[in-house]
Each structure stands twice: as C-alpha cells, then as structure tokens.
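Read the structure below first, then the notes.
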Amino acid sequence: MPELPEVETTRRGVWPYIRDRKIIDCVVHQPSLRWPVPDNFAHELLGRQVKGLTRRAKYLVFELDNGLGFLMHLGMSGSLRLTEPIQALRKHDHLLMTLDSGRQLRFHDPRRFGCVLWLDGLPAAHALLNHLGPEPLGDSFTAAYLHGKAKGRKVPIKNFIMDAAVVVGVGNIYASEALYRAGIHPKRAAGRISLTRMERLVTAVRAVLVESIAQGGTTLRDFLNESGEPGYFKQSLSVYGKAGQPCLTCGSEISAVRLGQRSTFFCPNCQR
DNA sequence: ATATGAGCCTGTATGC
DNA sequence: TGCATACAGGCTCATA
C-alpha cells in the first residue's frame, strides 16, 4: 500500500527511465479507476515528451512538453513498472505507455483505488490538491503550525495527523509509528497537546518518513522488469501490526484499537 | 465548522 | 476442497 515513502521511491525510481522520453504508444486497458481515465488520454499522450515527474502528497505529477500534465495516484495497490513492451500483460495492468527508449511504463493497480487525471493548469489549483496541507518534509510543517492548527480540536491526534488538510502523506501505518516515537497516545485530543510535544511529533513524523524513503531506496532499487512485488512490507516497524508483542522500549504488550475505522497500534505505557 | 461513517475494489487470510 | 466472509487501505463525499 503505497504511502508517501513508496510514492517518492517510485518517483525517484521511474524518473531516470522516462525523463525526456517520447511516448510513442499509449493504451488504456481499464479506464475504470477511482475516477474514469479521461477518454482522450491515450490519444493526447501520443508523441509527447515527458519533461517532469514531481510529487505532491501521494500524487505523482507528470509534466509533458506541450505544457499539459496529468496526475496519477497509486491508491492502495497501485505500482509503476518499466518493462519490455513484449512482456506478457499482467492482470490489472491498466495503462501502458511505450517510450522511444523501447521500454514501456505500466500502471498496475488490482484494487483500482488509484487514478489518472488531466491537470488543467497549475497542480496546486487542481481540485484534488488545492485543499492540501503542507508537505511533512517541507519547511512549513512545524510544531508551531501543528499546535496552532490543533487549537480547540477534539479529534484524536492520530486522525488529526492523517487529515490531508493538516499535513499530507501520513498514512495509517506511519501515523501509528510516528506517535509511538513521539510518546503520544493516539487517542489524545489534538488540541490538548503541548507545543513541546508537538515538536517531538513533527520530528517523529519526519524521521519515520525519511527512514522509510531511505529503505525504499534499497529494497526497491529496481523498477525494471520487476517480477515480484516491491518490498514495501519489509520496512522495520515498531508497533504497527504488533498487537500483543512486547514494546521495544519497555516490554509492555502493544495494544490495538480501532480509530476512525482504522487499525491503530500503540504502547499503553510509553504513549500518554 | 467539526466529526463520523459509507463507499470505492479485489487479493489474501480466515472459518466452516 | 470449496465456499463465504472479513479485512486491509487513501481518499472523497454525505450526513449528523
């Protein structure tokens, strides 16, 4: 399930192979993603050169040589891979882009929670992006910001940091991990956390993401002709999915609760 | 305005 | 062995 580190790793992994490449063929096999792939998508891409690949939150932003661009979201099960065009199609290979290098970029997404959409104008103005909070690894994600934003809010801090209007890219797994590192109980009301503890939280969120990106760089180094699935699950997690196991810090049993319909893991002793 | 819940979709894991 | 069911999850939208 691609969270921000996986999306960033994908971006870095794919970019060298698509940079300045011309799209000489494009096929949409399955337009029915979270939103329909635009009708004209394949046609409009023909002959275009890829000039940029950036990321905003968990969205990949493709820029073309004619000023057009499109968004791609990997949803929960999406992935991008470069293959030889003759390689057999896998089930759920929904979008194929053949490049003038002879390679083919394939968007694969079993659950189809992902999307591919035209960008009309600046990315920041797009309806899916214009309400988003700061990047967690950017300069504007600070303790002061978080503390101010949380003022008066009663939502559990975990839901709060998973709210894309507050800060983007903190998915369910990393939310639990970051709160564990910061020693903050996931159910604590967002508005009742001191500036000092928010400081720890900001540091923890950053650290968890940075480390995971670094790991992605080693486990996902090959985006070419990938046969197996990427090693997203090999990341070292401290609490996520570890209910009943001893806390790495104090030995207490890790607890599991549901918060906002999401599995949440924490150490009842270390996190207050 | 804030908070909560439904729904999109299918592979995998579980129980019978 | 097969079938049914639950669950996972990011994100938007609808409702309280």
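Not measured: the values here are computed from a predicted model. To find a chain, count down the sequence lines: A is the first, B the second, and so on, and within it residues start at 1.
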- Output yes when at least one side-chain N/O atom of A:R153 is less than 4.0 Å from OP1 or OP2 of B:dA1, else no. no
- Message: How about CG on A:D139, more than 12 heavy atoms from neighbouring residues, nucleotides or ligands closer than 6.0 Å, or not?
- Response: no
- Message: Nearest whole Å is fine: how far is C:dG10 C1' from A:Y174 OH?
- Response: 14 Å
- Message: Check the phosphate of C:dC11 against A:K58, side-chain N and O only, distance under 4.0 Å to OP1 or OP2. Yes or no?
- Response: yes
- Query: When you check the phosphate oxygens OP1 and OP2 of B:dT10, does a side-chain N or O of A:K91 lie under 4.0 Å from one of them?
  - Reply: no
- Task: For A:Y59, report the nucleic acid contact type (base, sugar-phosphate, nothing); a contact means any heavy atom under 4.0 Å.
- Result: sugar-phosphate
- Under 3.5 Å, is there a donor-acceptor pair linking the side chains of A:D109 and A:H92? no
- Query: Taking only N and O in the side chain of A:R258, is any of them less than 4.0 Å away from OP1 or OP2 of C:dA8?
  - Reply: yes
- Item | Whole angstrom value for the distance that separates P of C:dA8 from CZ of A:F265 | 8 Å
- Message: Under 3.5 Å, is there any donor-acceptor pair linking the side chain of A:R111 to the base of C:dG10?
- Response: no
- Look only at the side chain of A:E177 and the backbone of A:S238, and say whether a donor-acceptor pair between them is shorter than 3.5 Å. yes
- Task: Indicate, yes or no, whether a donor-acceptor pair under 3.5 Å links the base of C:dC11 to the side chain of A:R34.
- Result: yes
- B:dT10 OP1/OP2 closer than 4.0 Å to side-chain N/O of A:H92: no
- Hey, does the side chain of A:S263 come within less than 4.0 Å of C:dA8's phosphate (OP1/OP2), counting only N and O? yes
- Under 3.5 Å side-chain donor-acceptor pair for A:Y174 and A:S212: yes
